[in-house]
Trainee: 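This structure is in structure tokens; I'll ask about it shortly.
Since this is a predicted model, take the numbers as computed values, not measurements. Numbers restart at 1 for each chain; the letters A, B, ... are given by sequence-line order, proteins then strands.
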There are 4 protein chains.
Amino acid sequence: MNTGLQSAPKLGRPRDEAARVAILKAANAILEKEGIAGFTIEAVAARAGVSKTTIYRWWPSRGALAVAGFLAEMEPKIAYPNTGSSLMDLVAQLKRVAAVYGSAAGRVLAAIIAEGQRDPHTLVAFMDGYARPRREEAKAILRAGIERGELSRDIDIDVALDALYGPIYYRMLVPLGPLDSTWVETLARSVLAGLAATK
Amino acid sequence: MNTGLQSAPKLGRPRDEAARVAILKAANAILEKEGIAGFTIEAVAARAGVSKTTIYRWWPSRGALAVAGFLAEMEPKIAYPNTGSSLMDLVAQLKRVAAVYGSAAGRVLAAIIAEGQRDPHTLVAFMDGYARPRREEAKAILRAGIERGELSRDIDIDVALDALYGPIYYRMLVPLGPLDSTWVETLARSVLAGLAATK
Amino acid sequence: MNTGLQSAPKLGRPRDEAARVAILKAANAILEKEGIAGFTIEAVAARAGVSKTTIYRWWPSRGALAVAGFLAEMEPKIAYPNTGSSLMDLVAQLKRVAAVYGSAAGRVLAAIIAEGQRDPHTLVAFMDGYARPRREEAKAILRAGIERGELSRDIDIDVALDALYGPIYYRMLVPLGPLDSTWVETLARSVLAGLAATK
Amino acid sequence: MNTGLQSAPKLGRPRDEAARVAILKAANAILEKEGIAGFTIEAVAARAGVSKTTIYRWWPSRGALAVAGFLAEMEPKIAYPNTGSSLMDLVAQLKRVAAVYGSAAGRVLAAIIAEGQRDPHTLVAFMDGYARPRREEAKAILRAGIERGELSRDIDIDVALDALYGPIYYRMLVPLGPLDSTWVETLARSVLAGLAATK
DNA sequence: ATGTAAACGAGACGGTACGTCCAGTCTTGAA
DNA sequence: TTCAAGACTGGACGTACCGTCTCGTTTACAT
């Protein structure tokens, strides 16, 4: 996936930026509307008004394209807020994430994780491009909270984040119940209470 | 999935039990070894030494077959223990579940959830046949714990179970870290502390 | 190319005869109308109302299909006559061949020879299925003529047939002039005179 | 094919002669080695170390390029000899042609004729640039032979040339037998006998 | 014992999408 | 103005499986 700017060889016809954008938009639209079932390279090409070749030139697989489309759409949507309080920031962002994942974007994300089970490259792309960076951001917040004394030094940061975000992904993929704000709040309160209680 | 015994028409050649078993075994084996990518009806038929027709006669779709195979293999493996203490039972079972999901069975389960994102019928089959029954068992334990006074009356049982099992599914599908017993213990302790702390 | 009747295993769904015929007819029609340029497997499939798979199941390549179509159409058209006189038979057949090759069938034949230059299998199929059998028939006639004393024992049968048929193929492929009956007659007279004059 | 010198615009960068030669050489080499199957513009460009653009700028189609390459290589090889005797000249040249067509050049020629069946422009280019000029030379020889009384005034020159050259092309395209000198001699003797016998 | 009815193996069939190749066109910067 | 590089649209390739179908064969029970 050559979305970024690398050595920029400058030779030959430059990449068509409009096509790139159209492809990512089409990928997202299809994933949102029809889910992974209708997400074929041919469908994306048709919707974007682009030839299959152009897609294959820039993205090695269906999954890579899905991830790229998701990132393009998501990146602006889930920045962490900054309220001065780690816990407030965390809860606020958790609610925002739950809201986003409960909407169309959640279907895209679910599709990507599903595709990731089929194609390891997709999983890697998703983890490198999205999952791990988000986790790092979240870790930073928790660490800040520890510095400020809002959280105990004894908590296991990874476990804490798994406990907070895991349930959201779980409900997104296995709809045992709704992903609404009441639920998130109850969850956050409960889990944070556990963290606070740690030793 | 007509695995059960219904009106038993009794006419004609009876169903070949050996074939049924061979198919489920083959389905599991393929799902474990190659994941969802290699899980095609043709592959299952070939491995089971059975014709495609026979598979389609009894299972309506790939997903239904996967779920059936998973249930056949799983059912015996994750019964709840009974130690007299709800919390002990819960933790023990949680650890067992994590261990099982971290092994080959986890790959099968991941494949089923992935297929469920593509085909709603598969999701329904999985939820009806597996997810919800397990959840009911777990709820019963928690309720018993409340009765016995081990747990507060104020906890939200569903949230509690999401907080306990969600992270396991999360790590199974998005490998941000290992699914080992240390992690499960830390997680369980932390979440249960939160539940206990609930006023 | 399993056009003929072989061991007839009898197992499974029997081949759809109507499809086979439709495919051969479509192949011929396209070859006649558009030449080798428009002769794609997809076009044949579409015209025959058949899936590509069905074509590939029975014919290994474009060329094999073209040859099969040609044989199906041609076989009845160029049997040798039998006038009692070898030379008369020969000339009569030569004229018929020229007439046929000058028509739509000629375009099919030209296409096959062209495809044969690209794909050796096609050439082999054409030679085994058509060129050599025809040549053998012609040789038999010449041999009969020698037996009856109509032709000299000294002629080289292969050279004689090359001299008679070569020019027809030449004109068919390289249109330096028409392939009409006047020309064939002149040619036949001239060449046969040469044969008669041999020693 | 703008190989010749036209109005000489003189403006801008001049045509790269080395590229022109490299392209023709590459075209020939590929045609000889891999036949028409491997003869793609991209392959020629790669082998010649030239961009596709440059090829398309000067030759309108694959066939045109093939013909140009063939002419560049062939022109010097098949000039008519001059022994003073038309018949001797004719036979000598016939043998030379057969020898050449039986070698690598024959594969190129066969490829061109094949391509000509697919693309009329190629056929025209081949006929205008090669087939007809050669035929005119041959006709001149026959006419000279008639003038000198070596040949009858009654022979049909076109038929005579078809009878002599047709079989060579035939054997080149449909390998029913070798294209060796023994065969050519027998053929020439036989056909010329027929011409001589023509009243 | 004989018929009837469903299960089964085999494999042909119409389709969809795959990922690739090449055609022929275009857009850029350098020569 | 030519050229190298390489992006672009587009058509066909040959393959893999899908889910359906049509056979002939097998197995049981009901007559």
Side-chain angles (χ1 to χ4, degrees), chain A residues 9-20 38-46 48-58 60-62, chain B residues 9-20 38-46 48-58 60-62, chain C residues 2 9-20 38-46 48-58 60-62, chain D residues 9-20 38-45 48-58 60-62:
Chain A
K10 235 165 213 255
L11 268 171
R13 176 175 176 175
R15 178 167 184 185
D16 184 338
E17 199 57 21
R20 206 195 101 246
F39 185 69
T40 66
I41 297 286
E42 302 211 328
V44 174
V50 139
S51 74
K52 278 199 295 175
T53 318
T54 299
I55 295 181
Y56 280 113
R57 196 183 344 270
W58 300 108
S61 70
R62 189 162 46 173
Chain B
K10 248 175 201 234
L11 235 66
R13 176 175 174 175
R15 178 169 185 184
D16 183 338
E17 197 58 20
R20 206 197 101 246
F39 184 69
T40 66
I41 296 286
E42 302 210 330
V44 174
V50 140
S51 74
K52 279 201 293 175
T53 322
T54 301
I55 295 181
Y56 279 112
R57 194 176 351 261
W58 301 109
S61 71
R62 188 162 50 169
Chain C
N2 290 15
K10 240 168 208 253
L11 267 173
R13 177 173 174 175
R15 177 168 185 182
D16 183 338
E17 199 57 23
R20 207 196 100 244
F39 184 70
T40 65
I41 297 287
E42 302 211 330
V44 174
V50 139
S51 73
K52 279 200 294 176
T53 319
T54 300
I55 295 181
Y56 281 113
R57 193 176 353 262
W58 300 108
S61 70
R62 186 161 52 170
Chain D
K10 244 169 205 241
L11 234 65
R13 175 174 174 173
R15 175 167 187 185
D16 183 339
E17 197 59 20
R20 205 196 100 245
F39 185 70
T40 67
I41 296 287
E42 302 208 330
V44 173
V50 141
S51 74
K52 278 201 294 174
T53 324
T54 303
I55 295 180
Y56 279 112
R57 190 171 2 257
W58 302 107
S61 71
R62 186 161 54 169

Trainee: Both C:D16 and B:D16 contact DNA chain E. Taking the nearest nucleotide for each, which residue is further toward the 5' end?
Mentor: B:D16

Trainee: In whole angstrom, give the distance that lies between atom CD1 of B:I55 and atom C1' of F:dT20.
Mentor: 15 Å

Trainee: Check the distance between E:dA17's P and A:F39's CZ and give it to me in whole angstrom.
Mentor: 13 Å

Trainee: Think C:W58 has a side-chain N or O under 4.0 angstrom from the OP1 or OP2 of E:dG11?
Mentor: no

Trainee: Which nucleotide in the list E:dT25, E:dG9, E:dA17 gets nearest to the side chain of D:K52?
Mentor: E:dT25

Trainee: Name the nucleic acid region contacted by A:G49, choosing base, sugar-phosphate or nothing; use a 4.0 angstrom heavy-atom cut-off, strictly under.
Mentor: sugar-phosphate

Trainee: Specify the residue among A:A43 and D:R62 whose closest nucleotide of DNA chain E lies further upstream toward the 5′ end.
Mentor: A:A43

Trainee: Please give me the minimum heavy-atom distance between C:S51 and C:A45, naming the atom from each residue.
Mentor: C-CB, 4.2 Å

Trainee: Among the nucleotides F:dA5, E:dA17, F:dG19, which one has an atom lying closest to any side-chain atom of B:I41?
Mentor: F:dG19

Trainee: Over all heavy atoms of both residues, which pair between C:R62 and C:I41 is shortest? Give the atoms and the distance, please.
Mentor: CA-CD1, 4.1 Å

Trainee: Counting only side-chain nitrogens and oxygens, does D:R57 get under 4.0 Å of the OP1 or OP2 atom of F:dC3?
Mentor: yes

Trainee: Quick one: D:R15 CZ to F:dA4 P, roughly how many Å, whole number?
Mentor: 11 Å

Trainee: Nearest to the side chain of B:S51 - E:dA10, E:dC18, F:dC18?
Mentor: E:dA10

Trainee: Can you see which heavy atom on D:G38 is nearest to which on D:A43, and at what distance?
Mentor: O-CB, 3.7 Å

Trainee: How do B:E42 and A:T54 order along DNA chain F: which one's closest nucleotide is nearer the 5' end?
Mentor: A:T54

Trainee: Which nucleotide sits closest to the side chain of D:T53: E:dC26, E:dC21, F:dA16?
Mentor: E:dC26

Trainee: When you measure from the side chain of C:R13, which nucleotide among E:dT20, E:dC13, F:dC3 comes out closest?
Mentor: E:dC13

Trainee: Looking at every heavy atom in both B:A19 and B:V50, which two are closest together, and how far apart are they?
Mentor: CB-CG2, 4.0 Å

Trainee: Any chance you could measure B:W58, atom CH2, to B:D16, atom CG, to the nearest 0.5 Å?
Mentor: 10.0 Å

Trainee: Can you tell me which nucleotide in E:dC13, E:dT28, F:dC8 comes closest to the side chain of A:P14?
Mentor: E:dT28

Trainee: Side chain of C:Y56 only, heavy atoms from C-beta on: which candidate in E:dG14, F:dG14, E:dC8 is closest?
Mentor: F:dG14

Trainee: Given E:dT16, is OP1 or OP2 found less than 4.0 Å from the side-chain N or O atoms of A:T40?
Mentor: no

